[in-house]
There are 2 protein chains.
Amino acid sequence: MNIPEGYDPRAFEPFAVTVDLAVLTVRSGRLHVLLVQRGQEPYAGTWALPGGFVLPRESAGAAARRELAEETGLSDATVAGLHLEQLRTYTEPDRDPRMRVVSVAYTALVPDPPEPRGGGDAAEARWLPYDEVPALAFDHDRILADARERVGAKLEYTCLATAFCPPEFTLGELRQVYETVWGVPLDRPNFRRKVLTTPGFVEAVEGPPRRTGGRGKPAALYRAGEATALHPPLLRPEGRSA
Amino acid sequence: MNIPEGYDPRAFEPFAVTVDLAVLTVRSGRLHVLLVQRGQEPYAGTWALPGGFVLPRESAGAAARRELAEETGLSDATVAGLHLEQLRTYTEPDRDPRMRVVSVAYTALVPDPPEPRGGGDAAEARWLPYDEVPALAFDHDRILADARERVGAKLEYTCLATAFCPPEFTLGELRQVYETVWGVPLDRPNFRRKVLTTPGFVEAVEGPPRRTGGRGKPAALYRAGEATALHPPLLRPEGRSA
DNA sequence: TCAAAAGTGTTAGTTCTACACCCATGC
DNA sequence: GCATGGGTGTAGAACTAACACTTTTGA
């Protein structure tokens, strides 16, 4: 590394490091995003991804989980079980007009859409349907688009979809995750076979098949399995991106 | 965001932001990594990934490309054409004993292995076979392992393999990239068919088939195509990771 | 003439896709 | 009953894996 001799941390204009969260969920067949309304300049009144500064003795992952708990109002135990994954880091020098801010973005997948409490600190927090999201503050449009693209791609070759589901779920719910994120309908019988023949994707919950939902035959319940990758993958039709 | 009112950038102990590079190439059937020997504490004398500080008005991607040019000694034009991709950001508070350093790691894929010039600034730079890499400084073992895993996975569903090849290459060279990174032999006829039937993966170079790598029938030359994704993917046998 | 690597062909097995069809439940 | 969603079956298409065979070069 090019370490200047006797490098003094305070010699440079310092960088601030933040985390930004793209918190996604599937609610009633639509992809939703958790957004907060900014309370102060810059971009006061504009919607933005939740996030905040990384504390001096904290990793970015820990900061992300802390912010996630604050913004959703969920218990620490619940938040500990959520899927949280580093997405990408955004470093353009002028992405924040105030100062040099490097942001480590995370994608969080949330099973059920609990109405967020407004967050301890600041303005309103709300779930918005993905395709009704207005222009966001900073480069958050870009971050959100990247998150959506990444999630869509990872559904193909990982077991990620179960992270959108509650601990016990039906195959219909799982299929709806795919259909919602990809925006295409899938063949029910084929989806079922594919999931059940992939070892470790899901495991059946013992006991009588209970139901979930209104009409129709009661569906069997499943839990997420041990597997993390999908071999072979579950490809979206036509290889289309959305 | 939790922005403290009247936030003063210098109120916190500042973060330093660096880039670290996992520069990979395939040389004579083995995966190689570009490493530098550290000239100063901490970890003086230990091998490490090349990298350096992000300058105040520079994006991390620009810093990565600048460092890559410095360490390999290649021309700016050449470096501009190399595949450089953000891998992940490493933020553990104690990853550098001197101070709080957040590192944005990049993966670079280099076609031909030009011997690195020692780098303008510091110690020796050298290509080492991946499986002879000793313990590295900081958390660079982890970064390197992550890079290798990511590259192996991306070979399956992207056209990334061409980034390891010179501008014009034979299918045998392309196949060797896969075999080397995955560590498994592939069936030549099937590989050929797969590549040629994937639209936009490679395009034939006009003119008489040239390039005799020594023995054997001369092979036709190809260029990288327009496509970036592979649908359907080229799965490694057994879904194994290495 | 032999070894090595390119390139073509073929076949059996598997997986995927697109349906048809029956089942259990709420209204 | 009937609409709705769960679950099973199946025939054809598409794809994959394995391997036999020919071609063209260097030694």
Side-chain angles (χ1 to χ4, degrees), chain A residues 26 28-29 155-157 165 168-180 182 184-199 201-205 207-222 229-240, chain B residues 26 28-29 155-157 165 168-180 182 184-199 201-205 207-222 229-240:
Chain A
V26 171
S28 53
L155 287 190
E156 293 194 328
Y157 53 94
C165 297
E168 299 192 341
F169 53 86
T170 69
L171 294 185
E173 291 166 343
L174 187 65
R175 181 169 45 83
Q176 188 169 269
V177 169
Y178 279 90
E179 292 180 333
T180 301
W182 286 350
V184 294
L186 297 180
D187 184 86
R188 196 172 359 92
N190 294 338
F191 179 83
R192 173 190 187 79
R193 258 187 298 267
K194 179 70 186 174
V195 170
L196 293 183
T197 60
T198 300
F201 193 175
V202 299
E203 50 189 45
V205 170
R210 277 184 302 161
R211 75 184 332 282
T212 311
R215 287 178 282 287
K217 179 175 172 178
L221 289 177
Y222 295 86
L230 238 50
H231 261 277
L234 204 154
L235 299 176
R236 70 187 104 180
E238 290 301 297
R240 301 184 58 195
Chain B
V26 172
S28 53
L155 287 190
E156 293 194 327
Y157 53 94
C165 296
E168 300 192 339
F169 51 86
T170 69
L171 294 185
E173 291 166 341
L174 187 64
R175 181 169 45 83
Q176 188 169 268
V177 169
Y178 279 89
E179 294 181 333
T180 301
W182 287 349
V184 294
L186 298 179
D187 183 86
R188 195 171 2 92
N190 293 337
F191 178 82
R192 174 189 186 80
R193 258 186 299 267
K194 179 69 187 177
V195 170
L196 292 182
T197 60
T198 300
F201 193 175
V202 299
E203 50 189 44
V205 171
R210 274 189 310 250
R211 182 68 69 93
T212 74
R215 285 180 284 288
K217 180 175 173 178
L221 290 177
Y222 295 85
L230 240 49
H231 262 276
L234 183 63
L235 299 177
R236 70 187 106 181
E238 291 299 298
R240 301 184 58 197

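Regarding B:Leu186, its CG atom lies at a distance of 11 Å from the P atom of D:dA18, rounded to whole Å. Rounded to whole Å, atom P of C:dG9 lies 11 Å from atom CZ of B:Arg192. Atom CD in A:Glu173 sits about 11 Å away from atom P in D:dG7, given to the nearest Å. In this structure, A:Arg175 atom CZ and D:dT4 atom C1' are separated by 12 Å, rounded to whole Å. For the pair A:Arg215 CZ and C:dC23 C1', the interatomic distance rounds to 17 Å; values are reported in whole Å. Taking atom CD on A:Gln176 and atom C1' on D:dG6, their separation rounds to 14 Å, with Å as the unit. Going from atom CZ of B:Phe191 over to atom C1' of D:dC15 covers 17 Å, rounded to whole Å. Going from atom CG of A:Leu196 over to atom C1' of D:dG6 covers 12 Å, rounded to whole Å.
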B:Val195/B:Tyr222 under side chain to side chain contact (heavy atoms under 4.5 Å, CB included): CA gap, chis, key distance, verdict = CA-CA 11 Å; B:Val195 170; B:Tyr222 295 85; over 6 Å; no

Passes side chain to side chain contact (heavy atoms under 4.5 Å, CB included), B:Phe201 versus B:Lys194? Steps please.
-> CA-CA 10 Å; B:Phe201 193 175; B:Lys194 179 69 187 177; over 6 Å; no

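Checked options A:Leu171, A:Val202, A:Val205; the residue passing with A:Leu221 is A:Val205 (criterion: side chain to side chain contact (heavy atoms under 4.5 Å, CB included)).
A donor-acceptor contact under 3.5 Å links the side chain of A:Arg188 to the base of D:dG7. The base of C:dG9 sits with one of its N or O atoms less than 3.5 Å from a complementary donor or acceptor on the side chain of B:Arg193.
For the pair A:Pro189 and A:Pro232, both in contact range of DNA chain C, the more 5′-proximal nearest nucleotide belongs to A:Pro232. The residue among A:Asp187 and A:Lys217 whose nearest nucleotide of DNA chain D lies closer to the 5′ end is A:Lys217. Along DNA chain D, the nucleotide closest to A:Gly216 and the one closest to B:Asn190 are compared, and the more 5′ of them pairs with A:Gly216.
In terms of heavy atoms, A:Leu186 sits closest to A:Tyr178 at CD1-CB, 3.6 Å.
Of the candidate nucleotides C:dT25, D:dG7, D:dC19, D:dG7 has the atom lying nearest to any side-chain atom of A:Ala220. Comparing D:dG9, C:dG7, D:dG6 by their closest approach to the side chain of A:Ala219 singles out D:dG6. Among the nucleotides C:dA6, D:dG6, C:dC16, the one closest to any side-chain atom of A:Lys194 is C:dC16.
Rounding to the nearest 0.5 Å gives a distance of 11.5 Å between CZ of B:Arg192 and OG1 of B:Thr197.
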